[in-house]
Amino acid sequence: MIAVHRLAIHTITTKQWDLPTAVRKYCAAGVTGVGVWRQWLEGRTLAESKSLLDDHGLAAVSLVRGGFFPGISESERQAALDDNRRALDEAAAIGAPQVVLVCGAKPELSLATNRRQIADGIAACIDHAAALGVKLAIEPLHPMYADCRSAINTLGQCNDLIDQLGDAHVGIAADVYHIWWDPQLEAEIRRAGKRIIGFHVCDWLTPTTDFLNDRGLMGEGCIDIKGIRAMVEGAGFNGPIEVEIFSNRHWSRDPDEFFQDILTAYQEHVEIMDRRS
Ligand code: ZN
């Protein structure tokens, strides 16, 4: 069996598998963590999903995703807050310690307005997060998504936001796909320190043919994954490493073969720990 120390997999990565299938396959491979996308909770109660995870020795390491705070109208913004509070409830119910926030953006609004609404939105969820003991993990997104997916685009912005909001209930999900290009990467990781509570891996392909669904398997692209891993661990991160790949190319393959390739790629291009552990 391939060593998969600290490996967690997002359910969207193995998109072809429903939750019962995914937990069975992950468990058989010795994987112990899963990033649970909310769609994978549909069709059964939260307690039933939690039992599925427990029965396979899997811990939910994150619930994906909340966010999308900006809205054109007050009612739209309120609906987003309600949905984020529901996401926190779902995370608590399945034992996930964090909700990953894709913070959102509306192209009709200015960047400044989007960013203000995001800060207000996260602030409005903190009491609920605190009551449940679930953290809000801000995931900065690559700037190519600044129009409609997230106006939070760098670790520096995350650090500035958390300087305002406090870090008791708010942290950062650092995804190599979104942060690898940043000339301030090392300094902002150091500044973030233990604020980094999530670490997502995949790779950047050249050329990238689709903004959303053309991520590479680790090792297929140009990201120095081990180098960034060493930086976040140097800053104090020691949590699970979450494989999150959106790829029409890989999703069209045989899912079992793709899964084996994930395990192999993790060992070759992510693992830097003592292999015996
Ligand atoms: Zn991510």
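Values reported hereafter were calculated over all heavy atoms of this structure, with side chains retained and with hydrogens, waters and symmetry mates removed. When a ligand or atom number is given, it counts from 1 through the structure's own listing order. This one's a predicted model, so the numbers in the text were calculated from it and none came from an experiment.
Counting only distances under 2.8 Å, and ignoring water, the protein N, O or S atoms around the Zn ion (ligand 1) are E139 OE2, D175 OD2, H200 ND1, E244 OE1.
Aromatic ring pairs are classed by plane angle as parallel below 30°, tilted from 30° to 60° and perpendicular above 60°; the pair H178 and Y145 is perpendicular. Relative orientation of the F258 and H250 rings is parallel, given thresholds of 30° and 60° on the angle between their planes.
Evaluation of the side-chain hydrogen bond (donor to acceptor under 3.5 Å, both in side chains) rule for T14 yields Y26 as partners, not counting sequence neighbours.
Listed by first then second residue, pairs satisfying salt bridge (charged side-chain N to carboxylate O under 4.0 Å, His left out) with a partner in residues 196-221 read D175-R215, R215-E244, E220-R249, not counting sequence neighbours. Among residue pairs with one or both ends in residues 139-151, none qualify as salt bridge (charged side-chain N to carboxylate O under 4.0 Å, His left out); sequence neighbours excluded.
Taking 4.5 Å as the limit, every side-chain heavy atom of V64 sits out of range of all side-chain heavy atoms of R38.
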